[in-house]
Amino acid sequence: MGLGSGSGCIARIRPLPRTAVEVVSEAVAEKQSPWRIRDESFAAVPRRLKQALGELIGAAVEEVILGNSTTYGLNLLAQGLPLEAGDEILLVEGDFPATVYPWLPLRERGVRVRRLRPPGGALTAEALAAELTPATRALCSSWAFSFSGVTIDLATIGEVCREHGVWFLVNGSQAVGARPIDLGALPVDALVSCGFKWLCGPYATGFAWIRPELRESLTYRQAYWLTHQLATFGDFDRAGEYELGHVGAAAYDVFCTANFFNFSAWTASVKLLIEAGIERVSAHDQTLVQQLIDGLDEGTYELLSPRHSPARSTLVYVTHRQRDLNESVHRQLERAGIDIALRDGNLRFSPHLYNTAEDIDRALDLLPAIPRPARRPR
Ligand SMILES: Cc1ncc(COP(=O)(O)O)c(C=O)c1O
């Protein structure tokens, strides 16, 4: 398929594409000569980003909320959902901390935060159905799990949530950009994601999408002057006029939408994914994952993440059968210019569109060359 250009980065931090680097360089140059920044850019730059994200996830441009992280979107939900003492939020044991922390302060209000321990560690529709109680108001879960590489089935889990009047809130940070999603066709009530992983954006980026009916029920309100003045007057230099406009989802955008460096660079990255075709990107990534799994010397290494789709993601977890050697394997690959992640003591490979079959071959070739513990003299 040849999507990749080749990279030793098969790890947690995705490189910024060249087109994004060019765009951000231009944005930096404009800030060096700020008279070049046009007033229209204050509305156009965030809108272009929303358009690209909306196209990628199957949502209307007006419904995309710009954040600065995954946590930003989850926090909007945790603070805004109409929850009362006695209500229950379900999370999944072992989920990434970003999915968990935003809910913890709700305990002060008497909201119960319960972590499910599904059999085998992977949440299924059946396991969820068995856990729901009359107090359950929401399930918040990652789509792809950072520490296990497991992907959950949004369609069947969302269906159970819908049947029981439970909101289904999804953290897509480890999947959006690596696989297609169409929010118009899924029983998902909210999707949040960071921008710096599979979406190849800069740090301090993220988005949220909240189903309009749910968004309108949020009890948390915030108001940003620029959003409201642009919506009400079409410009933003009115002194003495402070009308709250009807701005819909934009009311929840992170403050300072004139984030020219990050937003313009991230737009370029998202457009690159769209132009490559997210189905093609997903197929390319999965081909590399398959190559990695097929090439693994399973006498020496054990595959910990799912071997097959649909539970398989683009996060491939492997451990040396002598687990205490993982750290030195990681260091060895690093020295050879192959950047993988060491997570919870295990080795994690996460190939993406810039990687090639040669990158995977190189990593596999290096894997058996593990420094063995020195033999004790007899
Ligand atoms: C599943 C998941 N969610 C979220 C994040 C990051 O959270 P935030 O964007 O809030 O920093 C990560 C990793 O950094 C992750 O793996």
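All ligand and atom numbering here is 1-based and tracks the order in the structure.
Where the criterion is an N or O separation shorter than 3.5 Å, residue side chain and backbone included, T99 fails it with respect to ligand 1. Checking only distances, S142 never comes within under 3.5 Å of ligand 1, N or O to N or O.
Side chains of N171 and T70: a donor-acceptor N/O pair is absent below 3.5 angstrom, by distance only. Side-chain polar atoms of Y224 and Q222 form no donor-acceptor pair below 3.5 angstrom. No hydrogens or angles considered: a donor-acceptor pair under 3.5 Å links the side chains of T133 and T136. For the residue pair D294 / Q290, a side-chain donor-acceptor distance below 3.5 Å is found, with atom types taken as modelled. One side chain, W198 or Q174, offers a donor N or O that lies under 3.5 Å from an acceptor on the other. Judged by distance alone, the side chains of D361 and Q291 do bring a donor and an acceptor atom under 3.5 Å apart.
Heavy-atom proximity to C194, at under 4.0 Å, picks out these atoms of ligand 1: 9 (O). Per-residue contacts place Q174 under 4.0 angstrom from the following atoms of ligand 1 (heavy atoms of the residue considered): 1 (C), 16 (O). Atom numbering of ligand 1 starts at 1 in the shown order; those under 4.0 Å from a heavy atom of S173 are 2 (C), 3 (N), 4 (C). Close contacts of ligand 1 with S146, meaning ligand atoms under 4.0 Å from a residue heavy atom, involve 1 (C), 2 (C), 15 (C), 16 (O).
Summarising the contacts of atom 11 (O) of ligand 1 with Y72, F145, F196, the nearest heavy atom is found in F196. The option with the heavy atom closest to atom 6 (C) of ligand 1, from among N68, N75, D95, T70, is T70.
The side chain to side chain donor-acceptor pair (under 3.5 Å) test with D285 singles out one residue from H352, R179, R280, and that residue is H352.
Regarding atom 14 (O) of ligand 1, its nearest protein heavy-atom neighbour is K197 CE, 3.2 Å. Closest to atom 5 (C) of ligand 1, if we only count protein heavy atoms, is F96 CE2, 3.5 Å. Counting only heavy atoms of the protein, atom 3 (N) of ligand 1 lies nearest to N171 ND2, 2.9 Å. Scanning the protein heavy atoms around atom 10 (O) of ligand 1, the nearest turns out to be T71 OG1, 2.5 Å.
In this structure, the separation between CZ on F207 and OH on Y72 is 14.0 Å, given to the nearest 0.5 Å.
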